[in-house]
Amino acid sequence: MKKHHITAIIFLALAGAAAIVSGASFLAMRKPDIIVPGPGVSEVVMLSNWYPQLKGTPGDTEVYILGKGNPGASMLVLGGTHPNEPSGHMAAILLIENAVMTSGTLYVIPRANASGFTHNDPQEGAPQSFTIQTPNGPRVFRYGSRATNPVHQWPDPNVYIHASSGQSLSGSETRNRNRGYPGRENGTLTERVCYGIVQLIKKEKVTITVDLHEASPEYPVINAIVAHPKAMGLASETVLGLEMQNITIGLEPSPVNLRGLSHRELGDFTDTLPVLMETANASQGRLRGRTDEALVLTGKDKWYVKAQKLGRLYVPYDENGHPLEERTGRHLAGITELAFSWTLENPDSALEFTGVPAYAELQEKGLGAFLRPLP
């Protein structure tokens, strides 16, 4: 009997140790990534500056302002709307750490879904973070969840009713930031974050809004720009400019029968010109193999290579995969081309910046070459 007691005590101790280690690892996700503001950053404020009710909540998040007070147009870049789509987060960080405005103002929210960075999607086996090597040592970034942390917003309803349209969606979509626009002042945390972003856009009279995303390779809308009807002219010129750089990209109209998305609701409820950009991320797909840090960084997956040969994908896919440098580079090239296309048509209200790494530079040197040393 004593032997069984000793065995039970040993197993309890091991279970306790495992719980402590895993709990500490999970709690560490609440610490936000370190972002090092570059020379172009004028000011860093919280989103609650535009919507005070967010102050002190898990939805409040940093807004980096570049070129504050410059004459010209303005652009808002939303990274991290879905924190399991890392190229948008990284593109926003590279803007913050490198861009210098010569005309106009740039607002960058790298963690648009701050709550989503504090947890993982359950049963997906995804890494909690990924590491990028730089000349000054490693930089670690969170790989979070598509949705608001249920610790911060619970329970989900059986059916989510989009407030402004009345459209019915799956209950879990109540925590999807890109189904919550234009938001509600006294709604859920997810809706209040959306409302805060809308207030920023309205009060600052933001000219262009860019929401950065990734999609699984089997998703039809991929390597594409999705544009609201009033942004379609600007998006069309941007696509032509990218094609001239040998960056193949599609153009999709914002659907009217799916509500809550940034490109639809921001265009309907504000004066901004909204677009959304998608790149190919195997680590969030359903046909992938092991979901680890290597897949996040390299995009290499043998099962997607097979799926491509079977004609199951909407994006070219070979043994080279779609690495994070390529995906981040596509976003930055799109942002740069949007600004260029706008300025070409509106020289009296220009939007211009320097210092942003070009697509070819990122492929050649890697992301780490453009990340600043940690303080």
Side-chain angles (χ1 to χ4, degrees), residues 33 35-47 49-50 61-81 87-112 114 196-213 225 227 231 234-235 237-238 241-242 262-263 266 270-277 328-359 361-362 367 370-372:
D33 302 332
I35 299 175
V36 185
V41 175
S42 307
E43 188 178 8
V44 184
V45 296
M46 302 301 289
L47 185 58
N49 189 61
W50 290 273
T61 190
E62 300 91 345
V63 180
Y64 293 77
I65 306 175
L66 291 78
K68 184 178 181 181
N70 280 354
S74 56
M75 177 186 284
L76 169 63
V77 174
L78 301 172
T81 293
S87 71
H89 183 44
M90 294 310 304
I93 290 173
L94 288 185
L95 285 173
I96 292 164
E97 299 198 7
N98 294 276
V100 175
M101 303 303 295
T102 55
S103 299
T105 307
L106 181 64
Y107 300 87
V108 184
I109 307 181
R111 290 182 282 262
I197 290 171
V198 167
Q199 298 316 297
L200 186 163
I201 291 169
K202 287 182 174 180
K203 291 175 182 177
E204 302 301 330
K205 297 180 172 58
V206 173
T207 312
I208 303 166
T209 299
V210 188
D211 193 8
L212 303 177
H213 286 259
I225 294 177
L234 175 64
E237 292 180 16
T238 298
L242 290 172
S262 58
H263 47 79
L266 294 180
T270 78
D271 292 331
T272 197
L273 301 175
V275 299
L276 180 148
M277 297 183 66
T328 303
R330 291 181 68 91
H331 280 331
L332 289 177
I335 290 166
T336 301
E337 194 61 36
L338 280 164
F340 176 77
S341 296
W342 169 266
T343 302
L344 200 62
E345 295 294 326
N346 303 273
D348 294 334
S349 181
L351 182 62
E352 299 171 305
F353 44 76
T354 61
V356 178
Y359 179 82
E361 283 184 296
L362 277 173
L367 291 172
F370 302 97
L371 290 169
R372 293 187 169 273

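Computed from a prediction, not measured in an experiment: that's the story for all the values here.
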- Quick one: does Asn98's side chain have a donor or acceptor within less than 3.5 Å of a partner on Phe370's backbone? yes
- Applying salt bridge (charged side-chain N to carboxylate O under 4.0 Å, His left out), name anything that partners Glu43, two or more places apart in sequence or on another chain. Lys68
- Message: Minimum heavy-atom separation for Leu66 and Ser42, please, with both atom names.
- Response: C-OG, 3.9 Å
- Item | More than 12 heavy atoms of other groups within 6.0 Å of Asn346 CG | yes
- Message: Give me the atom names and distance for the closest heavy-atom approach of Gly196 to Trp50.
- Response: O-CB, 4.3 Å
- Query: How far does CG of Leu332 sit from CE of Met90, to the nearest 0.5 angstrom?
  - Reply: 9.5 Å
- Verify the neighbour count for atom NZ of Lys203: are there more than 12 heavy atoms of other residues, nucleotides or ligands below 6.0 Å? yes
- Note on the structure: Tightest non-hydrogen contact, residues Leu212 and Ala91, listed as CD1-CB, 3.8 Å
- So, Arg111 side chain and Asp33 main chain: donor-acceptor pair closer than 3.5 Å or not? yes
- Message: Given 3.5 Å as the limit, does a donor-acceptor pair link the side chain of Ser87 with the main chain of Thr328, or not?
- Response: no
- Query: Does Glu352 offer a backbone N or O that forms a donor-acceptor pair with the side chain of Thr102 under 3.5 Å?
  - Reply: yes
- Output yes when a side-chain donor or acceptor of His263 lies under 3.5 Å from a complementary backbone atom of Thr209, and no otherwise. no
- Checking Asp211, Ile109, Leu276 against Thr81 for side-chain contact (heavy atoms from CB on, under 4.5 Å), the one that qualifies is Asp211
- Please report the shortest heavy-atom distance between Gly241 and Glu337, naming the atom on each side. CA-OE2, 3.5 Å
- Report the C-alpha separation of Leu234 and Val275 in whole Å, then their side-chain angles, then the decisive distance to 0.1 Å, and conclude whether the side chain to side chain contact (heavy atoms under 4.5 Å, CB included) test is met. CA-CA 9 Å; Leu234 175 64; Val275 299; 5.8 Å; no
- Closest non-hydrogen atom pair between Ile335 and Val210, with its separation: CG1-CG1, 4.3 Å
- Task: Over all heavy atoms of both residues, which pair between Pro110 and Ala92 is shortest? Give the atoms and the distance, please.
- Result: CA-CB, 3.8 Å
- Query: Does any N or O in the side chain of Thr61 come within less than 3.5 Å of the main-chain N or O of Ala114, such that one atom is a donor and the other an acceptor?
  - Reply: no
- Leu94 and Leu371: side chain to side chain contact (heavy atoms under 4.5 Å, CB included), yes or no, with the steps? CA-CA 7 Å; Leu94 288 185; Leu371 290 169; 3.7 Å; yes
